[in-house]
Amino acid sequence: MAVIPESAPAPARGRRWIYVVAALLCVGAIAFLLLGGLRGNIVYFRTVSEAVQENDTGRLRLAGEVVPGSISETDDGVTFEVTDGNETVAVVHRGDPPDLFAEGAPVVAEGEWDDGFAAFQSDRILINHGNEYSPPDVSSEDPSAEHPS
Amino acid sequence: MSLAREVWLVAGKDLRVEARSRVTLNQVLPFGAVVLLLFAFALDPDRGLLSEVAPGLFWVAVLLAAVLAVSRSFAVEAEHGAIDGLRLSGLDGASVFLGKTLAIAVQLLLLELVLGIGVVVFYDTAVRSVAVLVLAGVAATVGIAATGTLFGVLAAGLRTRETLVPLLLLPIVAPVMLGATRAFEAGLDGVPSEAWPWVQLLALFAVLYLGVGVLAFGSLLEDA
Amino acid sequence: MSDAGFVVAGYVITAVVLIAYIGWMAARFRRVRRGLTEEELERWR
Amino acid sequence: MISLARPAVNALGLLTLVALFVLAVLALGVVPPDAVQGDAQRLMYVHVPAAWLAYLAFFVTAVSSALYLWPRTRQPGWDLLAGSSAEIGVIFTGLTLVLGSLWGRPVWGAWWVWDARLVTTAVLFFLYLGYLALRRVPADPDVRARRAAIAALIAFVDVPIVHFSVNWWRTLHQEATVFNPDLDAQIEGSMAWTLLFAVVAFTLAYGYLMARRVQLARLEEGREERELDAAIAARVASGSERTDLEDRVPGEGTGKGNIGDPAVAGAGEHR
């Protein structure tokens, strides 16, 4: 390993093994990291299905597509439905949604379930746009195909 | 001398110095307690917020205290040219690193024990699975101690080491902060299965930096 | 702010950062080359 | 203005200037806006190359640091290269964060979110800020270089984590467009070419900035050494007993110190 300069004190009688072990541990740890050993630990949001399944109380982020035709404005925000293809949930949002909020848009709603898990009470909506880019006239296909999971 | 004996020699020396000077007991520990107290002032204790965020607050307090413990560990060496003695002792760089790491880890574990009791009592936190807390706590502490020792010697002998150590150390231990907090949340809630991946992350971090420390410490000590 | 506003802000910031960095290097170049004495350096600071 | 710059460096600078100008015209005027994001997507043509440049700069820092640590390739030049590159990397990491924030506000609806990509990038910024701080602390040049090199290698671990964070973990930040896990870029042709051109233009900018920064570092180093020699000579002449200069070699802040004046340099600084 390059990190042992020549001028380091010579390891005591046959003590080199500790450096070899340390180097192997480092390489192993980095390899484990690069091979994705920690994949899936850190989750910024839950899909609709996961959120329905877990039924957690407390704040969470819920991701899905806005169901076309489900958006209706209320006095202090909007209500709409989100789906991940399997489950569909009603969301009651207070406050102005962001500019790109629209039918079919991939959204992340932040908030918590109301009593009885009937609807999701959201107070912050983020747009979870994908990594696909195209000019307006080339494609009018569903912009929300991207759902990292 | 075997490696274990050398490690024990260095760790024993540091712990004896601590036992006599009582800096950790008289200054670092009260500092951690004051940090916990300040969190209680800053966050309204009536609304159950404190018990909810207790794991995060606990680890912030531990990290801040760890910065002090690391500075202390190398301030001891700076006095009366003790570090020259360490260099000339013929001990392996790896032994010195592991010994100092062990001494810091032991002190931090004691500190965590006391602060943990403080959190349970004052933040009204329920503890459900102690085993998870102990496992995550030990893994996180070894990681913090190893990085702390590594950056401690990196900044040793520099005029600005008091400010440099936190700047170098705190970003590096961000994953520990994240993992330990999540693992503790799971441990307090009594769902060990959720804690396991985080304990894994903590162990990985500890192994990585123990390895880096063993490799690099010798040459850094030589220059310190 | 409109979308265009964000875009313009972003490009302007990029340009300013690049120019500022090059300018800062140029200023240091000049100081080094002139070989200022310590007193002058102190005053400059 | 700066006569020290060699013609090649100046030519590179001119080329960079032209490339960046062409990039601005392409990105702001020629390329169509995105179907979903509209004009806001134009920020991609600076945000992505800025991030690329930061990766590149930190990679160069890591390689130069390793070369410095390796006894057979130990040259002060590697240390200068590592430090210069890290400085540029930090600037562009900061720029990436700012540009990302400006892009996130209209598109996500938030200036900042705490997802894995953003957090690891912020950590990267602070890691190398710490590295630069470590470099500025006065110490013996070789000792300082070795310390900095080890710190640089430790910090570099975060770079792959930043890059792969969007694939490993579920983030609000989108996955890489071109180098995604399946290597099937979902980006329309003219946009892809503009992005590629942007990366090339920023890489040219990196080359120019590095050339200038390394030149500057060399000059300052040379002056430091001259001043150090003068200070030692003055100290020896004055018969001072203190000879270990180790901890008070030049350099406050910008790398220059008060060493020119022996009285100042000798003013006892105890560790």
Side-chain angles (χ1 to χ4, degrees), chain C, chain D residues 1-5 13 16-17 20 23-24 27-28 33 37-43 45-47 49-50 87-88 91-92 94-95 98-107 202 205 208-209 212-213 215-223 226-227 252-261 264:
Chain C
M1 197 156 38
S2 68
D3 280 7
F6 285 104
V7 173
V8 169
Y11 280 74
V12 168
I13 287 172
T14 308
V16 167
V17 166
L18 277 173
I19 292 167
Y21 187 52
I22 292 172
W24 175 76
M25 284 198 290
R28 279 175 66 168
F29 257 123
R30 281 197 294 274
R31 256 184 297 150
V32 171
R33 281 177 55 221
R34 259 190 268 152
L36 297 178
T37 62
E38 278 314 305
E39 289 89 286
E40 283 172 305
L41 256 180
E42 279 305 315
R43 235 179 293 135
W44 188 87
R45 286 197 192 107
Chain D
M1 185 173 69
I2 299 124
S3 56
L4 267 169
T16 304
L17 196 66
L20 289 177
L23 170 65
L28 294 178
Q37 301 180 20
D39 282 332
Q41 185 262 345
R42 296 181 191 281
L43 280 165
Y45 306 117
V46 278
H47 173 72
E87 191 175 285
I88 295 169
I91 287 171
F92 278 85
L95 191 63
V98 170
L99 293 172
S101 191
L102 282 168
W103 191 8
R105 176 63 213 169
V107 171
F202 270 63
Y208 174 68
L209 291 176
R212 296 295 303 275
R213 188 64 188 84
Q215 221 175 12
L216 177 64
R218 284 237 164 78
L219 285 172
E220 288 183 346
E221 182 103 324
R223 200 183 69 162
R226 279 200 308 279
E227 287 174 351
E252 292 291 332
T254 52
K256 286 161 270 58
N258 307 323
I259 204 86
D261 178 358
V264 177

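Here is the naming used below: chain letters follow the sequence lines, and residue numbers restart at 1 for every chain. Atoms considered below: every heavy atom in the structure, side chains included; atoms not considered: hydrogens, waters and symmetry mates.
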Closest-packed option against chain C by number of heavy-atom pairs under 4.5 Å, given D:Val107, D:Val46, D:Leu99, D:Val98: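 Result: the option with the highest number of such pairs is D:Val46.
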
Heavy-atom pair count under 4.5 Å with chain C, highest-scoring of D:Asp39, D:Ile88, D:Leu28: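 Sorted descending by pairs with chain C, the first entry is D:Leu28.
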
Listed partners of D:Arg105 passing salt bridge (charged side-chain N to carboxylate O under 4.0 Å, His left out), at least two apart: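 If we apply the salt bridge (charged side-chain N to carboxylate O under 4.0 Å, His left out) test to D:Arg105, skipping adjacent residues, there are no hits.
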
Atom pair CZ/CG of C:Arg28 and D:Leu216 - distance to nearest 0.5 Å: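 If we round to the nearest 0.5 Å, C:Arg28:CZ and D:Leu216:CG are 5.0 Å apart.
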
Rounded distance [0.5 Å steps], CZ in C:Phe6 versus CG in D:Leu43: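 Spacing of CZ (C:Phe6) from CG (D:Leu43) equals 9.5 Å.
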
C:Asp3 and D:Arg42, any side-chain heavy atoms less than 4.5 Å apart: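 Side chain of D:Arg42 against side chain of C:Asp3, heavy atoms only: no contact under 4.5 Å found.
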
Engaged part of [X] at the chain C interface, taking heavy atoms whose separation is under 4.5 Å:
| X | result |
| --- | --- |
| D:Leu95 | side chain |
| D:Gln37 | backbone |
| D:Tyr45 | both |

Which atoms of C:Val17 approach chain D - backbone, side chain, both or neither, heavy atom under 4.5 Å: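 For C:Val17, the side chain is the part near chain D, not the backbone.
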
Member of D:Thr16, D:Leu20, D:Leu17 meeting the side chain to side chain contact (heavy atoms under 4.5 Å, CB included) criterion with C:Leu18: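 Per the side chain to side chain contact (heavy atoms under 4.5 Å, CB included) rule, the option paired with C:Leu18 is D:Leu20, out of D:Thr16, D:Leu20, D:Leu17.
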
